[in-house]
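In what follows, a single structure is set out as structure tokens and then discussed.
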Amino acid sequence: MTRKQTRREFLMGRLAGLSPYGGAVPGELARSEAYWPACLVHVSRRAMACQFQVFLNAGQYPHGVQAAVEALDLLEVLEQQMSFFRPDSLLQRINQEAALGPVEVEPGLFGLLQLADQIYQLTEGAFDLTATAFWEVWGFAQRQPRLPTEAELAEARQRVGWHYVHLNPADRTIRFTRPGIRLNLGSIGKGYALDCCAERLLQAGIVDFIIHGGQSSLLAHGKRLDSPSLGWPVGLRHPIRPNCRLGQLVLKDQALATSGSAVQFFYSGGRRYGHIIDPRTGQPGGEGILSVTVLAPSAAEADALATAMFLLGPEKSMQICQRRPDLAALFVLRSPKSAQMQIIPIGIAPPFWQPSTQIT
């Protein structure tokens with residue numbers, strides 16, 4: 001006879017049959033066949049066109065569920081600030097008014113724009129929040145991708161360039177020095193939201209958790225209590241076969257983000273065009289790259305650098321990681337000489353990275 005669970009047990013995650021790795025997390029929270037006697041509890045919220053989930057060690061924190069709910073409550077406020085699709089968002093106010101004069105920005109969002117400036121400099125322009133016009137002219141904004149004309153690309157280039165953005169820390173304002181500039185935070189905003197939620201959890205005394213947004217970004221703090229590792233084991237999904245794993249990463253006080261063009265692309269004239277547009281050229285980039293996964297101290301950095309490194313490729317990304325030892329990356333490339341993939345880890349080694357025994 002199965003014992004009926006109490007409400008307290010439900011809230012603490014003691015659910016019969018609960019998946020020991022919490023279900024489908026980006027890359028899946030990995031499990032060892034010999035481990036995971038305990039369960040996880042998770043709290044989820046839909047925002048920013050994806051599902052956000054917080055995973056906690058079941059029974060570790062009596063107030064854990066409430067803390068997770070309050071952390072995820074931040075998402076509505078953050079989406080109202082950063083959404084490109086809400087006409088009354090702070091971002092759209094910036095896009096509409098910053099070419100006319102300075103616009104005051106909320107402190108947290110201003111800090112995010114300063115981080116975007118630093119990553120623009122670090123990646124020599126491969127990360128650029130002003131690349132909105134390219135995203136639109138290639139049709140990816142409307143989910144109707146197409147090949148633009150040279151005239152359309154030339155016109156779009158006139159409305160792209162981070163050097164037209166002026167940030168003034170003295171009065172926390174932003175100003176565009178050229179009309180037509182518009183920002184889109186899609187390549188960094190979700191990571192920033194994870195960082196804000198994680199900060200709220202830490203303020204509540206929750207030090208062991210993992211939180212993810214959608215299928216591409218996550219942040220891990222502390223460790224999974226029943227894991228033999230020093231952090232949270234995370235399975236990395238195959239870029240082409242989503243039901244398979246490339247291997248397992250172990251994260252502790254780190255964020256992870258993955259970029260790739262295996263899902264959003266189209267063919268024209270026999271050539272494949274992915275959705276990640278290089279702001280320096282206006283053309284889709286990452287030729288031969290299936291995916292890149294970046295590890296960084298914050299989810300916002302991981303989010304932005306995954307996009308930039310996809311465009312930069314392994315060699316230039318390795319140079320960035322050498323300058324920033326707190327960064328790491330893992331590239332998955334199409335092998336030019338065989339049907340198999342080539343995996344290039346940068347700054348990641350066992351026991352923090354374990355590839356699957358069979359990868360094709």
Examine distances only and state if a side-chain atom of [X] and a backbone atom of [Y] form a donor-acceptor pair shorter than 3.5 Å.
X    : Y    : answer
W353 : L330 : no
Y61  : V207 : yes
R175 : Y164 : no
S83  : Q80  : no
S291 : P239 : no
S356 : L246 : yes
N184 : T132 : no
R172 : V105 : yes
T130 : G161 : yes
D195 : A299 : yes

Kindly state whether the ring of F266 and the ring of Y273 have centres lying under 6.0 angstrom apart.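 That pair passes the under 6.0 Å test.
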
Scan Q96, Q92, E136 and name whichever one has a side chain to side chain donor-acceptor pair (under 3.5 Å) with R182. E136

Where do E79 and R46 land on the salt bridge (charged side-chain N to carboxylate O under 4.0 Å, His left out) test, with the steps shown first? CA-CA 11 Å; E79 189 165 13; R46 185 159 184 83; over 6 Å; no

Heavy-atom closest contact ([X] atom, [Y] atom, distance):
X    : Y    : result
A329 : V292 : CB-CG2, 4.4 Å
L311 : G286 : CD2-N, 4.3 Å
A296 : L327 : CB-CD2, 3.6 Å

Greater than 12 external heavy atoms within 6.0 Å of [X]'s [atom1]:
X    : atom1 : answer
E315 : CD    : no
Q354 : CD    : yes
L225 : CG    : yes
Q319 : CD    : yes
R323 : CZ    : yes

Would you say the side chain of [Y] lies within less than 4.5 Å of the side chain of [X], judging by non-hydrogen atoms?
X    : Y    : answer
L167 : L113 : yes
F134 : R159 : no
I276 : S259 : yes
W138 : L153 : yes
Q342 : I344 : yes
L194 : D303 : no

Taking only residues two or more places apart in sequence, or in another chain, which ones meet D326 in a salt bridge (Lys or Arg N to Asp or Glu O under 4.0 Å)?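 For D326, the residues satisfying salt bridge (Lys or Arg N to Asp or Glu O under 4.0 Å) (neighbours in sequence not counted) are R324.
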
Name all residues meeting the salt bridge (Lys or Arg N to Asp or Glu O under 4.0 Å) criterion together with E70; count only those two or more places apart in sequence or in a different chain, and write none if there are none. none

Are D73 and R200 ion-paired here, with the side-chain N under 4.0 Å from a carboxylate O?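 Here D73 does not pair with R200 in a salt bridge, since their nearest N and O are not under 4.0 Å apart.
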
May I ask you to decide whether E152 forms a salt bridge with R146, counting only side-chain N to carboxylate O separations under 4.0 Å? yes

Hydrophobic clusters here meaning ILVMFWY residues chained together by side-chain heavy-atom distances under 4.5 Å, can you tell me if Y192 and F85 are in one? yes

Is there a chain of hydrophobic side chains (I, L, V, M, F, W, Y, each step under 4.5 Å between heavy atoms) that links V69 to M48? yes

Testing the 3.5 Å rule here: is there a donor-acceptor pair between the side chains of S187 and T307?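 Result is no, nothing qualifies.
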
Just by distance, no angles: are the side chains of K316 and T123 close enough, under 3.5 Å, to form a donor-acceptor pair? no

Passes salt bridge (charged side-chain N to carboxylate O under 4.0 Å, His left out), R280 versus D278? Steps please. CA-CA 5 Å; R280 301 165 299 180; D278 193 327; 2.8 Å; yes

Using a 4.5 Å cut-off between side-chain heavy atoms of Ile, Leu, Val, Met, Phe, Trp and Tyr, which other residues end up in the same hydrophobic cluster as V250?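 Its cluster mates, by chain and number, are F352.
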
Output the distance between atom [atom1] ([X]) and atom [atom2] ([Y]), rounded to the nearest 0.5 Å.
X    : Y    : atom1 : atom2 : answer
L251 : R224 : CG    : CZ    : 14.0 Å
L90  : Q81  : CG    : CD    : 6.0 Å
L115 : L109 : CG    : CG    : 11.5 Å
I240 : M341 : CD1   : CE    : 6.5 Å
L122 : L305 : CG    : CG    : 6.0 Å
L78  : E106 : CG    : CD    : 8.0 Å

Ring-face cation of R45 near F52 (centre distance under 6.0 Å, axis angle within 45°): no

Intermediate values then yes/no, side chain to side chain donor-acceptor pair (under 3.5 Å), T258 and T293: CA-CA 4 Å; T258 297; T293 297; 2.8 Å; yes

Can you tell me how the ring of H221 sits relative to the ring of F209, calling it parallel under 30°, perpendicular over 60° and tilted otherwise?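 Rings of H221 and F209: parallel, under 30°.
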
For the residue pair Y120 and W162, categorise the inter-ring angle as parallel (less than 30°), tilted (30 to 60°) or perpendicular (more than 60°). tilted

Does the pair H212 and S217 meet the rule for a side-chain contact (heavy atoms from CB on, under 4.5 Å), with working shown? CA-CA 6 Å; H212 82 84; S217 303; over 6 Å; no

Partner of L219 under side chain to side chain contact (heavy atoms under 4.5 Å, CB included), chosen from I210, L201, I211: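 The residue from I210, L201, I211 that satisfies side chain to side chain contact (heavy atoms under 4.5 Å, CB included) with L219 turns out to be I211.
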
